[in-house]
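The block underneath contains the structure these notes are about, expressed in structure tokens.
Just so it is clear, the values below take in all heavy atoms, side chains as well, and ignore hydrogens, waters and symmetry mates. In what follows, residues are counted from 1 in the order of the sequence shown. Because the structure is a prediction, the values reported are computed rather than measured. One-based numbering, in listed order, for ligands and for the atoms of each.
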Amino acid sequence: MDFLTGLRPLLFTYVLINGILITLQTKEEVLLDMRATGGELGWLTWPLDQGDKLGWEVVQRTLNGSQFYTYSVCNVGEREQDNWLRTTFIQRHPSASRVFVEIQFIVRDCNSFDGASLTCKETFNLFTSESDADVGTTFRKSQFRKVATIAPDEITRRNEVRINTETRVVENLSRKGFYLAFQDIGACVALLSARVYYKTCPATVKSLASFPETVAGGENQALREVSGVCVENAVSEELPRIYCTVDGEWVVQVGQCQCKPGYEEVQDACQECRPGFFKAEASNHQCAPCPAHTQRLSTGALVCPCMDGFYRAPTDPPSGPCTGIPSAPRDLVATTTQLSAGKILLSWTPPEDTGGRTDITYSVECLRCDGTACQPCGEKIRYDPGSVGLTDTKVSVSELEAHLNYTFTVEAHSGVSMFVNQASPRANRPPSTSALTTYLHYTDPPKIMAIRLVERTPTSLSLSWDVSPQPRAQNRAVRYEITYRKNDETLDGTTYIVHRFEKNSVQINDLTPGTVYLFRVQALGTDGSAGGSILEEHFETSSEGHLAPNNTAIIFISAIGAAAMLFIVVVILFLRRRKRNSHTRQGPEDTYFSSSDQLKPLKTYVDPHTYEDPNVAVLKFATEIHPNHITKQKVIGVGEFGEVYRGILKVPGRKEVTVAIKTLKPGYTEKQRQDFLSEASIMGQFSHQNIIHLEGVVTKSVKHAMIVTEYMENGALDRYLRDHDGEFSSFQLVGMMRGIAAGMKYLSDMSYVHRDLAARNVLVNNTLECKVSDFGLSRVLEDDPEGTYTTSGGKIPIRWTAPEAIAYRKFTSASDVWSFGIVMWEVMAFGERPYWDMSNHEVMKAINEAFRLPAPMDCPSAVYQLMLQCWLQDRSKRPRFGDIVSLLDKLLRSPDSLKTIADFDPRVSIRLPSTSGSDGSPFRSVSEWLESIKMSQYSENFTCAGIVTMDQVLQMKNEDIKNIGVRLPGHLKRIAYSILGLKDQTSTLSVFAV
Ligand code: AMP
């Protein structure tokens with residue numbers, strides 16, 4: 001080991017500061033080094049004159065060719081030794097109150113001196129004395145204080161030389177300098193080296209703050225706080241500080257410097273950002289590349305300005321990308337809802353080019369045109385949720401007037417839309433608007449306020465009625481339907497007579513004298529639907545005796561009049577029958593008709609089986625169509641009796657219409673033919689917007705039997721919802737339910753029990769209108785694939801059927817209400833199979849044990865509550881269809897009521913056995929899992945995103961699901977909920993007890 005170096009190398013220490021490992025360097029400043037002096041040291045020995053008693057002696061030695069001096073003393077045989085060796089005056093650094101004394105020495109073993117064991121020592125002492133000046137050779141023992149007794153770790157025996165190194169600290173120095181002294185008390189010691197030094201924390205730059213070299217503190221100031229200054233082009237919010245420890249180490253830096261905007265840190269200095277890079281703030285970050293759609297500047301850029309045609313919104317960070325004006329919203333459509341007249345739903349798809357922004361909102365403007373001029377709609381119409389700031393791509397518009405053209409302009413806005421008028425190539429056009437003109441055909445029918453008798457004779461009654469004011473109806477001819485029968489007649493369906501008029505008065509002839517008649521007057525909607533309220537009154541014809549006996553002239557004139565009237569009626573009837581074939585739907589039949597084979601019972605449905613000859617029933621309720629007027633185009637489904645086609649109905653003199661044609665397969669029996677046609681006999685009795693409309697039948701052709709109905713473009717509801725899973729809002733779904741409920745109300749008002757209400761038996765047209773279909777006498781028993789034989793031999797669609805109907809075939813409108821509840825569930829669950837893959841037996845058992853289907857995902861609480869009401873065990877407590885329609889209307893009028901979502905348990909509703917596949921084993925692959933939740937269409941998205949294991953799936957957050965391209969909110973939720981369910985181990989179906 002080389003002891004001869006004057007300045008020790010820097011010591012390296014590693015310290016963790018704020019979790020970051022940094023290297024700290026300790027530096028030693030040497031005040032005295034015996035070896036380095038290289039010549040006589042001139043140290044003072046004491047006592048000065050000892051005669052033959054020798055004290056400390058200087059000895060010259062050679063080691064590795066170098067000469068150096070040592071001191072030694074060895075008076076081991078002498079008593080009371082007190083030999084002192086004092087250094088020269090050591091100047092102290094003003095800050096160094098603590099110095100280190102490192103000595104190397106040899107101590108001889110006392111046992112090696114024969115007879116000296118009593119006086120021989122193996123230790124010596126270190127002393128110090130402070131002074132403000134060199135006192136020369138003046139030496140006073142009393143001025144020295146003891147620092148330490150020095151004992152060797154290893155003693156030198158005979159020829160085995162053992163060198164010891166010891167370091168002692170001399171603390172609390174305060175004067176200009178000091179002496180050290182070594183006191184020998186009878187040992188045999190050689191002092192080979194003495195080095196006196198103090199420690200400093202070296203000058204350093206840390207976190208862009210530079211700190212000066214600092215002398216390490218002493219006992220009374222163990223940590224020295226040192227302030228630093230920021231390097232050039234760096235700034236700091238608070239003065240940077242650091243601490244220097246007694247061991248000369250920097251620790252705990254407080255406050256740091258950061259490069260100014262436009263500069264970044266490069267090796268403890270701040271350098272300007274390179275071209276194409278920028279830094280907007282003072283931070284530790286490096287300069288970032290200029291973001292999208294910005295210009296590259298030269299060095300030192302604070303921001304990158306926007307390229308032409310791109311902007312930053314006032315709220316955008318200056319460091320963010322620049323964005324463009326959004327393009328126009330697309331596919332703007334207006335959908336009429338059946339909720340109330342004067343209301344439409346405008347919807348559109350987001351702009352193709354959002355300009356790179358996510359804060360797209362929409363505003364709607366409206367112009368109304370009455371044929372001559374257009375003007376802004378102003379406050380005349382109402383928007384829900386509003387006309388500006390829309391974040392959804394839809395708005396409901398109400399209080400529209402019929403028979404006006406409305407032009408709606410939907411504009412897309414974003415945070416940079418305010419720049420739209422700035423001169424730039426992208427902004428030359430108003431790019432964000434999309435317009436649509438719509439014409440409203442419907443309006444609420446007015447209310448009948450009172451029916452008055454104007455005049456009566458034995459055979460006629462003249463009536464008029466008052467209607468509620470129609471402030472907004474312009475030039476609209478209101479039509480009325482008046483129905484009457486003798487008051488005492490039974491409701492056998494043959495006694496009602498119907499008239500339709502455009503006037504609010506009528507004279508009814510051919511009545512029986514002295515008879516009370518029941519009259520009902522109802523205003524019709526402009527689409528012909530009987531939507532208004534009905535007012536009933538009884539009026540009596542005068543009896544014959546009341547005629548003046550001598551008034552034969554009047555009788556004669558009346559008779560002629562009556563005959564003429566009868567003739568007119570017959571002619572009109574004849575014309576009407578021809579005309580009727582030229583209407584696809586309830587057309588504007590404004591003529592009087594009352595022929596018995598055209599009668600339509602308004603209130604009560606007539607079971608065609610009550611007719612002895614079912615063919616008579618068909619002819620009574622349905623219009624015969626000539627087969628040549630029907631063209632089949634394409635098979636669209638298969639029913640019990642044969643194929644169902646889409647086709648064209650073209651009756652001469654009438655506009656052709658697209659229809660659905662149900663056929664009876666060849667080789668049918670007469671019974672099958674009658675059963676087939678019974679559906680038409682039933683359907684033909686109904687006339688309602690939400691009941692599938694019968695166009696007519698083909699019965700007379702020997703070869704063919706066909707039922708022709710209106711064509712519903714979107715087919716069966718269950719399949720349609722499954723194909724559009726997640727694509728409709730709750731508002732739209734509730735709108736669909738409302739339609740079905742209105743149809744069912746109509747049926748129940750007519751005392752018709754459907755028995756097989758299910759989403760598969762509801763059809764959807766292209767305006768999302770839902771209509772109840774599948775009427776037939778045997779169909780519940782025979783046709784429905786869901787039909788299951790019960791112990792009593794009947795066939796029942798168990799999952800849709802109320803318990804009392806299953807148990808003892810008690811089919812009523814209340815059991816239809818139960819089925820309607822299941823349909824509501826199917827709708828909210830986008831066509832999910834009720835009770836999933838539970839067996840019919842399990843379903844019946846669960847229902848009897850008071851379990852009910854759980855709320856579908858995202859189902860409004862109010863809607864789920866209604867479902868539960870429909871599934872009350874006690875059928876008398878279930879709501880009636882009238883109540884259901886009112887409640888759904890209420891929900892639709894205040895869409896906020898749909899915002900509270902019923903509790904949803906993903907484990908039950910998605911029917912995931914938590915962590916496992918259908919066989920109970922864990923999902924083996926992402927695709928197996930996706931298949932189980934019917935989301936296989938996203939398999940590729942997962943693979944492309946590198947999500948290939950279930951472990952990775954479990955790590956996914958909602959944001960990740962969105963990022964891999966799952967955009968539809970319903971699908972997003974389904975996947976997210978499923979992941980939630982996967983994480984949860986405790987899945988069971990038994991959680992939906994009521
Ligand atoms: P059904 O015998 O009434 O159950 O009809 C069988 C299938 O034919 C249905 O599930 C529908 O897909 C289709 N279909 C029946 N009637 C119509 C219609 N009016 N419009 C469109 N599709 C229909």
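Counting heavy atoms from C-beta on, the side chains of D756 and W800 never come closer than 4.5 Å.
Between H724 and Y720, the two ring planes are tilted [angle within 30° to 60°]. Using a 30° and 60° split on the angle between ring planes, W825 and W836 fall in the perpendicular class, above 60°. Between W818 and W871, the ring planes are tilted. Angles from 30° to 60° get that label.
Residue contact check: K662 has heavy atoms under 4.0 Å from atoms 1 (P), 2 (O), 3 (O) of ligand 1. The atoms of ligand 1 that sit less than 4.0 Å from any heavy atom of A660 are 17 (C), 18 (C), 19 (N), 20 (N). Near V644, with a cut-off below 4.0 Å to any heavy atom, the atoms of ligand 1 are 5 (O), 6 (C), 8 (O), 14 (N), 15 (C). Within ligand 1, the atoms closer than 4.0 Å to a non-hydrogen atom of Y711 are 20 (N), 21 (C), numbered from 1 in the order shown.
Residue contact check for ligand 1: V638 places a non-hydrogen atom closer than 4.0 Å to it. Look at E710 and you'll find a heavy atom under 4.0 Å from some atom of ligand 1. Heavy atoms of R646 come nearer than 4.0 angstrom to ligand 1 in no pair at all.
The CE atom of M736 sits 11.5 Å away from the CD atom of E769 when rounded to the nearest 0.5 Å.
The shortest N/O to N/O separation between D774 and ligand 1 falls below 3.5 Å. Looking at A716 next to ligand 1, no N or O pair under 3.5 Å apart turns up.
Checked against side-chain contact (heavy atoms from CB on, under 4.5 Å), T631 has the following partners two or more places apart in sequence or in another chain: I648.
Taking the centre of each ring, F676 and Y668 stay at or above the 6.0 Å mark.
Remark: among candidates I636, T709, V635, the nearest residue to atom 22 (N) of ligand 1 is I636, based on non-hydrogen atoms.
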